[in-house]
Amino acid sequence: MASRICPLCEACCGLEITVEGDRLTRIRGDEHDVLSHGFICPKGAALDELHDDPDRLRAPLIKRDGAFVAVSWDEAFAEIERRLPPILAAHGANSVATYAGNPTAHKAGLLLYGTRLTRAIGTANAFSASTLDQMPKQLASGWMYGHWLSVAVPDLARTDLLVVLGANPIASNGSMWTVPDFRGKAKAMQARGGKLVVIDPRRTETAALADQHHFVRPGSDAFLLLAIVHTLFAEELVNLGRLAPHVAGVDEVRAVVREVSPELVADRCGMSATTIRELARMLASTPRAALYGRIGTCTQAYGTLASWLIDVINALTGHLDEVGGVMFPRSAAFAANTAPGKGKGITTGRRRSRVSGAPEVFGELPITCLAEEIETAGDGQVRALITIAGNPVLSAPNGPRLAAALASLELMISLDIYLNETSRHAHVILPGYSSLADPHFDVAFPQLAWRNTARYSEPLVAAPAGHPAEWELLVRLIGIVRGRGAAVDVAALDDELAADDVRRVAGPMTEAILGAVTSRGPDRLFDLALRAGPYGLTLDRVRAAPHGLDLGELAPRIPELLRTPSGKVELAPAALIADVARARAELASPTPPLVIIGRRHLRSNNSWMHNLPTLASGHFRGTALVHPADAARLSLVAGGRARISREGRSIDVDVELTDDMMPGVVSLPHGWGHDQPGTQLSVARQRPGANLNAILGDDLRDPLSGNAVLGGVAIEMQPIA
Ligand SMILES: Nc1nc2c(c(=O)[nH]1)N[C@H]1C(S)=C(S)[C@@H](COP(=O)(O)OP(=O)(O)OC[C@H]3O[C@@H](n4cnc5c(=O)[nH]c(N)nc54)[C@H](O)[C@@H]3O)O[C@H]1N2
Ligand SMILES: Nc1nc2c(c(=O)[nH]1)N[C@H]1C(S)=C(S)[C@@H](COP(=O)(O)OP(=O)(O)OC[C@H]3O[C@@H](n4cnc5c(=O)[nH]c(N)nc54)[C@H](O)[C@@H]3O)O[C@H]1N2
Ligand code: SF4
Ligand SMILES: [Mo]
């Protein structure tokens, strides 16, 4: 029996797993885990089915004459060496794109070495799921605090009011906020007299727990938030508290919201002006309060604006960087905001995408630009793609167009554990083995966690004989890209990569630092990062605590955390002040009668856990939720089928009626559509569901962050036999 960090979602629960031979015989929440204290959800409990899934790939595959054949590792890499270097030589670095999917964040080997692969290629065409997700939040945080991962999270353990906008943590278990057992913590807040308020176009599982729920029109959050800021100024409720000397730009914010009254936005938001004012007063008058927004506020045309305004409101009501408000975790390793450094701030647009001219943000281009970069001939055209734990055919908008583009690539390599809707287009698939055979340390999530901890997971099962770790696969790819060939000495190249990294920050101290660390691979990087971190830990010290080291509650960090050039919280970044005008111009346009949004279920995880029998069983979850009034208007019936169409593309769905939906809004989960030919997903295929992203458009994005618009778009819906 050993403790293991669950690799499936951002809650990062510590699980206690019993292994007998190669079988996981018992999985429970680790009650001694310093972060999660015993919490587990049905996905974590199904890790055994993932481990045993006969469809999970065990050997590399090469496509020969249109069919995949299992080959040896040496054959797979020989194929890549034969095909990849000539493309780079003839067409340059930008001809090879990379796409990193969501599980990359949960697998340290993929995260740390995937970034190095992209750097080794030197391509501008770096894409990831971040532009389907949280890029607006990172950009807003970067502009305000000076670093991309300085993201403030609610101090739920001590707050008396949590307002949740566009998030459903009861189903998602929290996002950009590592908060295992959200329900338990929210209930504890209510038990001490605190209030939970949810603002969402659907009365969600989280709303069911809340003291108040308000519907909001999809995509209108920025207007709601502008009107709340307006009210704070108009009613003289602004109180920066301790932060006053550290905040710049209050006057610019006041000026930009002057005309955005609650009355002006009420129709657009589908919320009364009175409710908007009451929300502002409640946030201002509660000494310990936190406003938290997540994916619903990001995946829309004003995602960066909304993400920024959330923090503006927290700051103006005196809740930013305060106990019981929102605070910045202090991570033990890998956090740029804990390293001593000058405030350089962040930069975007250092380059632009070739076809649409979309600006680079945080080193990447919008995923909605990938298809056109493959399709459009010319210098810099993408001819090869390496996907790392991603399934953009289902997870990115206009999946059918992307699938056709992938089919036209000269070379596609997928690091993936399944033959699925995306990897079926690959020429070579390199599967990782069960993640439980890898050591693990969370690189990113402690920067977003409800409490400061440091945890390490030892490998729980033995790696299959001869099967390289995923980081070793990536080092071999780096070897090929660097002209060292498929037979590159992985250990030697890993030494060089580590030395390069350390030299960049430590210069002449490099040899001494490297000499102090004995481990190799990801372990070496964990150890180096812990030693450089703010608690001066070592990997051995973290390892000696099987349930993790508790590093204490969150504590105020401003001004120490700030890395803006001014050394202040930038409350009014120029690009955001300017973007208010774009939003205001849209206020005049009519509200479509029917729009679609997404949804998450506890037993599903984006596109890829639908092949596990326990999770897939029971009531089918990929239904379209429709309000009865809309159903009556459109002649839709409960349990019937309907066609949803948008701009000439359509999908067919099962209809479920519920007054949990805001009238005029339909909800359909993403990640379904497992009926494509040539995949190996025998369980998922039985109830494939429809792919929401087949009808969403890749032409819609937030121009600042490049994030895709995944909700609030107009659809038509009609019954089918
Ligand atoms: N319409 C709509 N679309 C959305 C969203 C939405 O809310 N609405 N949400 C978006 C969000 S937030 C995200 S993060 C994206 C996710 O987008 P993606 O990351 O592209 O998609 P996932 O479904 O997470 O696919 C994960 C892939 O990783 C593979 N995988 C799983 N474990 C491992 C492993 O250990 N090693 C390797 N090598 N591969 C592994 C799986 O087989 C699968 O192919 O989807 C986005 N798409
Ligand atoms: N079980 C499970 N857990 C997951 C995932 C999963 O697929 N399944 N995915 C993981 C990933 S990759 C992520 S990024 C996180 C996301 O975590 P969350 O952000 O909590 O994601 P959702 O559950 O999709 O909640 C988003 C909510 O926003 C609402 N919404 C939609 N449009 C709007 C809008 O315009 N305005 C407002 N105010 N609300 C809107 C939706 O109705 C929904 O209730 O979850 C992670 N955890
Ligand atoms: S909430 Fe569930 S899936 Fe997420 S980390 Fe915890 S056990 Fe794993
Ligand atoms: Mo995500």
Side-chain angles (χ1 to χ4, degrees), residues 7-11 41-43 50 56-57 99-107 109-110 128-130 132-134 164-177 182 198-207 214-221 224 293-300 302-303 306 367 387-397 399 414-423 429-435 438 470 473 595-609 611 661-662 665 667-671 681 691-693 695-696 708 710-712:
L8 299 176
C9 92
E10 294 176 56
C41 87
K43 291 187 297 303
L50 178 61
R56 190 164 60 75
L57 302 176
Y99 172 78
N102 169 277
T104 307
H106 299 275
K107 304 208 64 187
L110 290 178
S128 88
S130 290
L132 298 168
D133 188 345
Q134 81 290 352
V164 173
L165 188 60
N168 185 14
I170 295 278
S172 69
N173 283 305
S175 183
M176 295 307 273
W177 183 21
F182 170 83
V198 172
I199 304 172
D200 195 299
R202 178 167 76 94
R203 196 177 302 113
T204 61
E205 296 81 352
T206 306
H214 304 284
F215 284 132
V216 65
R217 295 279 309 164
S220 70
D221 301 85
L224 164 66
R294 200 41 285 270
I295 201 156
T297 61
C298 283
T299 49
Q300 48 167 287
Y302 308 107
I367 180 61
T387 67
I388 305 174
N391 191 6
V393 167
L394 291 192
S395 55
S414 286
L415 276 79
D416 208 286
I417 56 172
Y418 284 108
L419 174 48
N420 65 14
E421 297 76 14
T422 294
S423 60
I429 305 180
L430 304 173
Y433 44 56
S434 167
S435 62
D438 282 330
E470 289 185 308
L473 302 178
V595 299
I596 196 159
I597 59 170
R599 159 166 114 248
R600 280 177 166 74
H601 278 284
L602 187 58
R603 289 173 168 272
S604 164
N605 199 12
N606 296 322
S607 75
W608 74 277
M609 295 191 75
N611 208 52
M661 290 310 301
M662 185 175 197
V665 185
S667 158
L668 185 73
H670 73 284
L681 297 164
N691 176 14
L692 167 59
N693 284 314
I695 55 164
L696 297 182
L710 299 175

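All ligand and atom numbering here is 1-based and tracks the order in the structure. For clarity, every value in this text was computed on a predicted model and none was experimentally measured.
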Peer 1: Which ligand 2 atoms does Pro218 reach within 4.0 Å, using its non-hydrogen atoms?
Peer 2: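 Those qualifying, in numeric order: 34 (C), 35 (O).
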
Peer 1: In chain order, what residues pass the salt bridge (charged side-chain N to carboxylate O under 4.0 Å, His left out) check against Asp133, with sequence neighbours excluded?
Peer 2: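 With sequence neighbours excluded, Asp133 shows a salt bridge (charged side-chain N to carboxylate O under 4.0 Å, His left out) to Arg294, given in chain and number order.
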
Peer 1: Which of the atoms of ligand 2 are close to Asp221, meaning less than 4.0 Å from one of its heavy atoms?
Peer 2: 34 (C), 35 (O), 36 (N), 37 (C), 38 (N)

Peer 1: Which ligand 2 atoms are under 4.0 Å away from a heavy-atom of Thr204?
Peer 2: 44 (O)

Peer 1: Between Tyr433 and Arg56, which heavy-atom pair has the shortest distance, and what is it?
Peer 2: C-NH1, 3.9 Å

Peer 1: Between Leu110 and Ala389, which heavy-atom pair has the shortest distance, and what is it?
Peer 2: CD1-CB, 4.0 Å

Peer 1: With only distance considered, is Asn173 within less than 3.5 Å of ligand 2 through an N or O on each side?
Peer 2: no

Peer 1: Hey, is Ile199 touching ligand 2 through its side chain, its backbone, both or neither, going by heavy atoms under 4.0 Å?
Peer 2: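 It is the backbone that gets close, since no side chain atom is under 4.0 Å.
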
Peer 1: Is a side-chain N or O of Thr422 found less than 3.5 angstrom from the main chain of Val393, in a donor-acceptor match?
Peer 2: yes

Peer 1: Taking N or O atoms only and a 3.5 Å limit, does Cys9 qualify as a polar contact for ligand 2?
Peer 2: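 By distance alone, the answer is no.
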
Peer 1: So which heavy atom on Pro669 is nearest to which on Leu692, and how close?
Peer 2: O-CB, 3.9 Å

Peer 1: Examine ligand 2 and decide if any of its atoms is less than 4.0 Å from a heavy atom belonging to Lys43.
Peer 2: yes

Peer 1: Under 30°, 30 to 60°, or over 60°: which ring-plane class applies to Trp177 and Phe182, parallel, tilted or perpendicular?
Peer 2: perpendicular

Peer 1: Do we see a donor-acceptor contact under 3.5 Å between the side chains of Arg600 and Ser172?
Peer 2: no

Peer 1: In terms of atom number and element, which parts of ligand 2 are under 4.0 angstrom from non-hydrogen atoms of Gly219?
Peer 2: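 Counting from 1, the qualifying ligand atoms are 34 (C), 35 (O).
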
Peer 1: Pairs under 3.5 angstrom, nitrogen or oxygen on both sides, ligand 1 versus protein: list them out, please.
Peer 2:
from	atom 1	to	atom 2	distance (Å)
ligand 1	1 (N)	Asn693	OD1	3.0
ligand 1	3 (N)	Asn693	ND2	3.1
ligand 1	7 (O)	Arg600	NH1	3.2
ligand 1	9 (N)	Arg600	NH2	3.0
ligand 1	9 (N)	His670	NE2	3.3
ligand 1	17 (O)	Ser395	OG	3.0
ligand 1	19 (O)	Asn102	N	2.6
ligand 1	20 (O)	Tyr99	OH	2.7
ligand 1	20 (O)	Asn391	N	2.9
ligand 1	20 (O)	Ser395	OG	2.8
ligand 1	23 (O)	Ser607	N	2.8
ligand 1	23 (O)	Ser607	OG	2.5
ligand 1	28 (O)	Ala389	O	3.3
ligand 1	35 (O)	Lys107	NZ	2.8
ligand 1	36 (N)	Glu470	OE2	2.9
ligand 1	38 (N)	Leu415	O	3.1
ligand 1	38 (N)	Glu470	OE2	2.8
ligand 1	42 (O)	Asp416	OD1	2.6
ligand 1	44 (O)	Asp416	OD1	3.3
ligand 1	44 (O)	Asp416	OD2	2.7
ligand 1	44 (O)	Asn420	ND2	2.7
ligand 1	47 (N)	Ser395	O	2.7

Peer 1: Using a strict 4.0 Å cut-off to heavy atoms of Gln300, name the atoms of ligand 2 that fall inside it.
Peer 2: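 Heavy-atom distances to Gln300 below 4.0 Å select 35 (O).
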
Peer 1: Do any N or O atoms from the side chain of Glu10 and from the backbone of Met176 form a donor-acceptor pair under 3.5 angstrom?
Peer 2: yes

Peer 1: Could you tell me which atoms of ligand 2, counted from 1 in the order shown, lie closer than 4.0 angstrom to a heavy atom of Leu165?
Peer 2: 38 (N)

Peer 1: Are a donor atom and an acceptor atom from the side chains of Asn391 and Ser607 found within less than 3.5 Å of each other?
Peer 2: yes

Peer 1: Are the side chain of Ser414 and the backbone N or O of Ile429 linked by a donor-acceptor pair below 3.5 Å?
Peer 2: no

Peer 1: Of all residues at least two apart in sequence or in a different chain, which pass the salt bridge (charged side-chain N to carboxylate O under 4.0 Å, His left out) check with Glu470?
Peer 2: Lys107

Peer 1: Quick one: do the Ser423 and Asn420 side chains pair a donor with an acceptor below 3.5 Å?
Peer 2: yes

Peer 1: Which residues pass the ring-ring contact (aromatic ring centres under 6.0 Å, His included) test with His601, sequence neighbours left out?
Peer 2: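 Once residues adjacent in sequence are excluded, His601 has no partner under the ring-ring contact (aromatic ring centres under 6.0 Å, His included) criterion.
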
Peer 1: Checking the N or O distance criterion of under 3.5 Å, is ligand 2 in contact with Asp200?
Peer 2: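 For ligand 2, there is an N or O atom that lies under 3.5 Å from one belonging to Asp200.
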
Peer 1: Mark up the atoms of ligand 2 that fall under 4.0 Å of a heavy atom belonging to Val216, in ascending order.
Peer 2: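 It comes down to these atoms of ligand 2: 37 (C), 38 (N).
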
Peer 1: Mark up the atoms of ligand 2 that fall under 4.0 Å of a heavy atom belonging to His601, in ascending order.
Peer 2: 1 (N), 2 (C), 8 (N)

Peer 1: Is Asn168 close to ligand 2, meaning an N/O of one under 3.5 Å from an N/O of the other?
Peer 2: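 N/O-N/O distance below 3.5 Å exists for this pair.
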
